[in-house]
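Read through the structure below, which is laid out as structure tokens, and then see the notes.
What you see is a predicted model, and the numbers here were worked out from it, not measured in a lab.
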Amino acid sequence: MSGERQFSETWDLDSLLPHPQTDGFSTKLSSFRSELARVAEESDRLPPLSRSNGAAGAWGEFLERYAAVAAAAADLTSFVSCHAAADAGNKQFQQLEATLASFEPDKERIATNVELALRDLAPDDLGTLSAGHPKLAENAFFLQDRRQRAGLRLPKELESLSADLGVDGIHAWGRLYDRVSGALRVRVMERGEIVEKSPGQVSLTSPERAVRENNFYAADKAWSAVGETCADALNHIAGTRLTIYKRLGLSSHLDAPLRYNRMTAATLDAMWSAVSVRKRVLPKYLAKKAALLGLDRLAWYDITAPLPQA
């Protein structure tokens, strides 16, 4: 319709921050690196959290700077990741991702110092202290949450070693997976020509079953070509986490994800119980959809197929 607003299919990232290949971005990155190092050093000198006005005030001011540097870190990481996803072969973007990963030890250093400082405080004591100072009151939930997360911390020296190793370990495996999957191209037929698309551009919603089938197998073939590399990356990421869980003495691989997501095992069990009870509805839906499509049963590439128009 003529009155509808048209949106570009290309991200307008330059409206957020200077382009990664400009001096403006280099200046932004250098400034962030300096501020992160300063906040990390400040976290080493945090006084024990107590009723002392001096201690509460120091923590309040620190939390303000910590929030700012954490937000900047998230913005920079997302910004560079988006550019790298749009141009997976760009070596400069890949180098910037590695540079940002090299900041992880300082980020973990701050988080470790905060969480270990809060670990020995009783929940009621922390609540009382938070209520007694405006800046702490603003961050009461954050402080309680970080206190609970402290149970997932190794001794400080081991946390520091883990963060340093993570730059060329778990984070490097993650970047490898992103790079390989981002560079993946699927060869499909369009209007009599073979074209290359990213996996996300390959449609399985065509009303033509032959098109859906060809696209599905083309995507499967492309992923199979990098399957072992992706599997290695994912296995080493999972292996690193399981090794840390073992060091922490966790009884289940779900203990850490539940705590990070602020859930209990009872909540997760209730969710899956609801799924189990109701999942018998799904086969009826799939059988009905197959009948409407004139099929005996659905293939994977039929799941998202549009229903025929009445």
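- Side-chain atoms of R262 never come within 3.5 Å of backbone atoms of R259 as a donor-acceptor pair (strictly under, hydrogens ignored).
- Judged as a salt bridge (charged side-chain N to carboxylate O under 4.0 Å, His left out), and not counting sequence neighbours, K289 has no contacts.
- Under the ring-ring contact (aromatic ring centres under 6.0 Å, His included) criterion, H83 pairs with H19, F79, F93, not counting sequence neighbours.
- Taking D44 as the reference, R109 meet the salt bridge (charged side-chain N to carboxylate O under 4.0 Å, His left out) condition, with sequence neighbours excluded.
- Apart from F141 itself, the hydrophobic cluster it occupies contains nothing, where clustering links Ile, Leu, Val, Met, Phe, Trp and Tyr at side-chain heavy-atom distances under 4.5 Å.
- Every residue two or more places apart in sequence or in another chain was checked for a ring-ring contact (aromatic ring centres under 6.0 Å, His included) with Y177, and none qualifies.
- Grouping Ile, Leu, Val, Met, Phe, Trp and Tyr by side-chain contacts under 4.5 Å, direct or through others, puts L292 with L307.
- If you chain together hydrophobic residues whose side chains sit under 4.5 Å apart, L49 and L116 never meet in one group.
- The shortest heavy-atom contact between T264 and L258 is O-CD2, 3.9 Å.
- Residues meeting the side-chain contact (heavy atoms from CB on, under 4.5 Å) test with I170, sequence neighbours left out: I237, T240, R241.
- Checked against side-chain contact (heavy atoms from CB on, under 4.5 Å), A219 has the following partners two or more places apart in sequence or in another chain: V186.
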Quick one, L143 with L129, criterion side-chain contact (heavy atoms from CB on, under 4.5 Å). Give me CA distance, side-chain angles, the key distance, then yes/no. CA-CA 11 Å; L143 294 171; L129 289 169; over 6 Å; no
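- In the hydrophobic clustering, where aliphatic and aromatic side chains (Ile, Leu, Val, Met, Phe, Trp, Tyr) are joined below 4.5 Å either directly or transitively, L248 groups with L152, L154, L158, L242, I244, Y245, L250, Y260.
- Y217 pairs by the ring-ring contact (aromatic ring centres under 6.0 Å, His included) definition with nothing, not counting sequence neighbours.
- Shown here are the salt bridge (charged side-chain N to carboxylate O under 4.0 Å, His left out) partners of K197, two or more places apart in sequence or in another chain: E190.
- Remark: R65 engages E42 in a salt bridge, criterion side-chain N to carboxylate O under 4.0 Å.
- In the displayed structure, W300 atom CH2 is contacted under 6.0 Å by at most 12 heavy atoms of other residues, nucleotides or ligands.
- Between K107 and E104 there is a salt bridge, with a side-chain nitrogen of the basic residue lying less than 4.0 Å from a carboxylate oxygen of the acidic one.
- The other members of the hydrophobic cluster of M189, by chain and number, are I194 (side-chain heavy atoms under 4.5 Å, ILVMFWY only).
- Between S43 and the choices D106, T112, N113, the side-chain hydrogen bond (donor to acceptor under 3.5 Å, both in side chains) rule is met once, by N113.
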